[in-house]
Protein chains: 2
Amino acid sequence: MSQRPTLADVASAAGVSVSTASLAFSGAGPIADATRQRVLDAAAELGYSGPNPLGRQLRSGRSGIVGVVVGDALRRSFRDPVSVQLLDGLVDTIGPLGLGVLLIPGPTSPGGPAVDPLVEAAAMDVAVMLWGGTLDDPTLEALARRGIPVVVVEGHELSGVVTVGIDDRGGVAELAAHLRDLGHRRVATVTLPFGPERQGGLADLARREQIAWSIPRRRLEGLLDAGVEPVGVYEAPASLVEHGSAAARALLSGPPETRPTAVVAQSDMLAAGVVLGARELGLRVPEDVSVAGFDGLDLPWLAPDTLTTVVQPIAEKGATVGRVIQAVLAGEHPADDVLPVSLRVGTTTTAAPGA
Amino acid sequence: MSQRPTLADVASAAGVSVSTASLAFSGAGPIADATRQRVLDAAAELGYSGPNPLGRQLRSGRSGIVGVVVGDALRRSFRDPVSVQLLDGLVDTIGPLGLGVLLIPGPTSPGGPAVDPLVEAAAMDVAVMLWGGTLDDPTLEALARRGIPVVVVEGHELSGVVTVGIDDRGGVAELAAHLRDLGHRRVATVTLPFGPERQGGLADLARREQIAWSIPRRRLEGLLDAGVEPVGVYEAPASLVEHGSAAARALLSGPPETRPTAVVAQSDMLAAGVVLGARELGLRVPEDVSVAGFDGLDLPWLAPDTLTTVVQPIAEKGATVGRVIQAVLAGEHPADDVLPVSLRVGTTTTAAPGA
DNA sequence: ACCACCGTTCGAATCGATTCGATCGGCGCC
DNA sequence: GGCGCCGATCGAATCGATTCGAACGGTGGT
């Protein structure tokens, strides 16, 4: 037999019907031990390694696949450990449920199609969007058209999709209050990209009106909540160390009288870049300038320094997404979830100079 | 209609047979423009968003899925950018072919099952193993039993699987010759883990006999090829910065007379850790100790230093894997592939002290 | 006017498994 | 000894699409 054996082959070899053979593998339904053994022996004999997943999937209508839409090319998206740790928590949670993760790149090039072909045609039971998009996100629209339920991480409160997020606004507010209490009056901030166009550079007030994505907006609002009006806003095109360094050069090059005494970055990668960039400018951290981040990453290459940062439970967030997926597949309509964050004071912040 | 519409629904709404309706979507086979348009209109009317992938997959026997077995938990595996960039190159190449990547964690916990359930049961047309395993790898066995073709990255030359690798032995030899020419006589090395048990620490000769994985072996052999017999071998449990720092503490704590004047690390992450660890010990790099790595990563947080390293074409390796997959799916038996590497001299190596 | 041919469309088989209702056989109870 | 029940097994329908050979209608040529 040149073809791989099917359940029918095994059944006839074992002298039973296909339905009985199916029972022997699935274990659902009554079957005599002797019969099951006979089927399994026949299977081993024929080199049959279990039911073909495609047949099973068609019948059950389930593919067992969770599509994860990454917001960018992998190499960029996964350079920030946040995405990776989240994915890890997700995989750990849904693995035991028999679900697997299909990676779907976000919009790759400006010239290319708006959505990856996988979004249009791949088999999946549910989709997850890291870095939740906006309401008119073409990916979101395509998934809705296909009737695929969506879980959005850190998105707007959208109708028809479930979101899992954190209290980033409150966390930043707490951080800002900490800096305020340390005497900082000139605070600059480095933000995550405002939208898919990913501009980089100092953002004036007009630009700040155009924030499409919710994370940079909420974290900016957190500052204001604590009464901290930033003296400079730098929009990073991605959450990467080099963009943090560029931000430092842009924000900290002025004379000491007007130079910010503290910089709040919206991610730890950016904050680390700010620290390195500040040092390149000859500034001491934290004596000349305090730097704080967001995420609570472990950055061994920054040792012996540790960032002052807002710690978010990343793996737990991934696990929460996993549980939400489970609920959605069970036909439930889970509520949006917001996880708590906490301030961790490290060695990169101290009292403002002269305060 | 509570159910989602099927092709049959669309066909009857358009007044044609299902076979004709299928032709309208697939474009394979002759169909009158007017008829196709009628079918597409009916589909739009019913909210039918294209053929159900599960039905198509069963019929064609293809799932369009490439299973990628990551050698470890994601959060660890993807902390080294090498895996991520490789995956990125792979995704870029197979995406246009209509293929998607299913992430499959490697052996997670020592107590757990030897292979992830996805390896046993997930639908996939071909599997890729990052960090190729050994001959008796249970994952490899399971895939062989299922008849799923396998492409191994950086593995042994195995029968029945295609491997894609680089000339790491030659690259390390070139690097070692460079150090030798700089006058270094006491060279230590930090290796990648020898096998799945991932021990960490100084490796004596007995341990060096037990190298199960091929990468650490070949890169070690590269040293010997250049006539460099390492005065110390430190086995890292993973390719992470902190393990490099630990290696530096273990290898470089002795008195200057016996201390190695150069350290060759088998990855850039390890090398970066060695640089940081050496500095913590009060040693200057490269004046007191030269450090070299492998991979050719861009490490902005090491600025202004740049590692002396062996550059491998990571994205190109991923693209090669993609092309090999394409060939395998076309029924061909592509040959093993070995990509070239090149030495890049940075600021972390210089002449040996006193040489 | 008939035939051959070509471009379209249709019917039916097929992919590989799951599942429900029906059937079969054996056993216990009256 | 017969009836009923229960556990085990079987048949057939079903999931949703693709594909191949057959049928069909219309046109052009003789």
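Labels below follow one simple rule: chain letters A, B, ... track the order of the sequence lines, proteins then strands, and each chain is numbered from 1.
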What does [X] touch in the nucleic acid at a heavy-atom separation under 4.0 angstrom: a base, only the sugar-phosphate, or nothing?
X     : answer
B:S60 : nothing
A:P51 : sugar-phosphate
A:I31 : sugar-phosphate

Nucleotide [N], atom [atom2] - distance to [atom1] of [X] in whole Å:
X     : N      : atom1 : atom2 : result
A:R62 : C:dG16 : CZ    : P     : 24 Å
A:R4  : C:dC15 : CZ    : P     : 16 Å
A:L58 : C:dT14 : CG    : P     : 17 Å
B:L54 : C:dT14 : CG    : P     : 22 Å
B:L23 : C:dT9  : CG    : P     : 9 Å
B:D9  : D:dG16 : CG    : C1'   : 10 Å
B:N52 : C:dC15 : CG    : C1'   : 14 Å
B:R38 : C:dT8  : CZ    : C1'   : 12 Å

Does [X] have a side-chain nitrogen or oxygen under 4.0 Å from the phosphate oxygens OP1 or OP2 of [N]?
X     : N      : result
A:Y48 : C:dA17 : yes
A:S17 : D:dC10 : yes
B:T20 : C:dT9  : no

Notebook entry, point to check: Under 30°, 30 to 60°, or over 60°: which ring-plane class applies to B:F78 and A:F78, parallel, tilted or perpendicular?
Noted result: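 Ring orientation of B:F78 relative to A:F78: parallel.
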Nearest to the [X] side chain among [options], which nucleotide is it?
X     : options                : result
B:V16 : D:dT9, C:dC10, D:dG11  : C:dC10
A:R59 : C:dG16, D:dG11, D:dT9  : C:dG16
B:T35 : C:dT9, D:dG16, C:dT19  : C:dT9
B:L7  : C:dT19, C:dG11, D:dT18 : D:dT18

Notebook entry, point to check: If you measure from the Lys or Arg side-chain nitrogens to the Asp or Glu carboxylate oxygens, is any gap between A:E120 and A:R146 under 4.0 Å?
Noted result: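 Looking at A:E120 and A:R146, the cut-off is not met.
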Check: Under a 4.0 Å N-O cut-off, is there an ion pair linking A:E45 with A:R38?
Finding: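 Judged by the 4.0 Å cut-off on N to carboxylate O distance, A:E45 and A:R38 do not form a salt bridge.
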Next item on the list: Assign each of B:V18 and A:S22 to its nearest nucleotide of DNA chain C by heavy atoms, then name whichever residue's nucleotide is nearer the 5' end.
Entry: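 Comparing both residues, the 5'-ward one is B:V18.
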Check: Are side-chain heavy atoms of A:R36 and A:D33 found at a separation under 4.5 Å?
Finding: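 With C-beta onward as the side chain, the pair touches.
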Next item on the list: State, to the nearest 10°, the angle formed by the axis through the first five base pairs of the helix from C:dA1-D:dT30 to C:dC30-D:dG1 and the axis through its last five.
Entry: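 Terminal axis comparison yields 60°.
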Notebook entry, point to check: Looking at OG of B:S60 and CG of A:L54, how far apart are the two atoms once the value is rounded to the nearest 0.5 Å?
Noted result: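 Here the rounded value is 7.5 Å.
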Check: Can you name the residues that form a side-chain hydrogen bond (donor to acceptor under 3.5 Å, both in side chains) with A:S83, not counting sequence neighbours?
Finding: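 side-chain hydrogen bond (donor to acceptor under 3.5 Å, both in side chains) check on A:S83 returns nothing, list empty.
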Check: Sub-3.5 Å donor-acceptor pair from the side chain of B:D72 to the main-chain atoms of B:S77, do we have one?
Finding: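 It does not hold such a pair.
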Check: Where the side chain of A:T93 meets the backbone of A:G89, is there a donor-acceptor pair that is under 3.5 Å apart?
Finding: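 Side chain of A:T93 to backbone of A:G89, a donor-acceptor pair under 3.5 Å: yes, one is there.
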Next item on the list: Mark yes or no for a side-chain to base donor-acceptor pair under 3.5 Å between B:S19 and C:dG11, with no hydrogen or angle criteria applied.
Entry: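 Such a pair is found, so the answer is yes.
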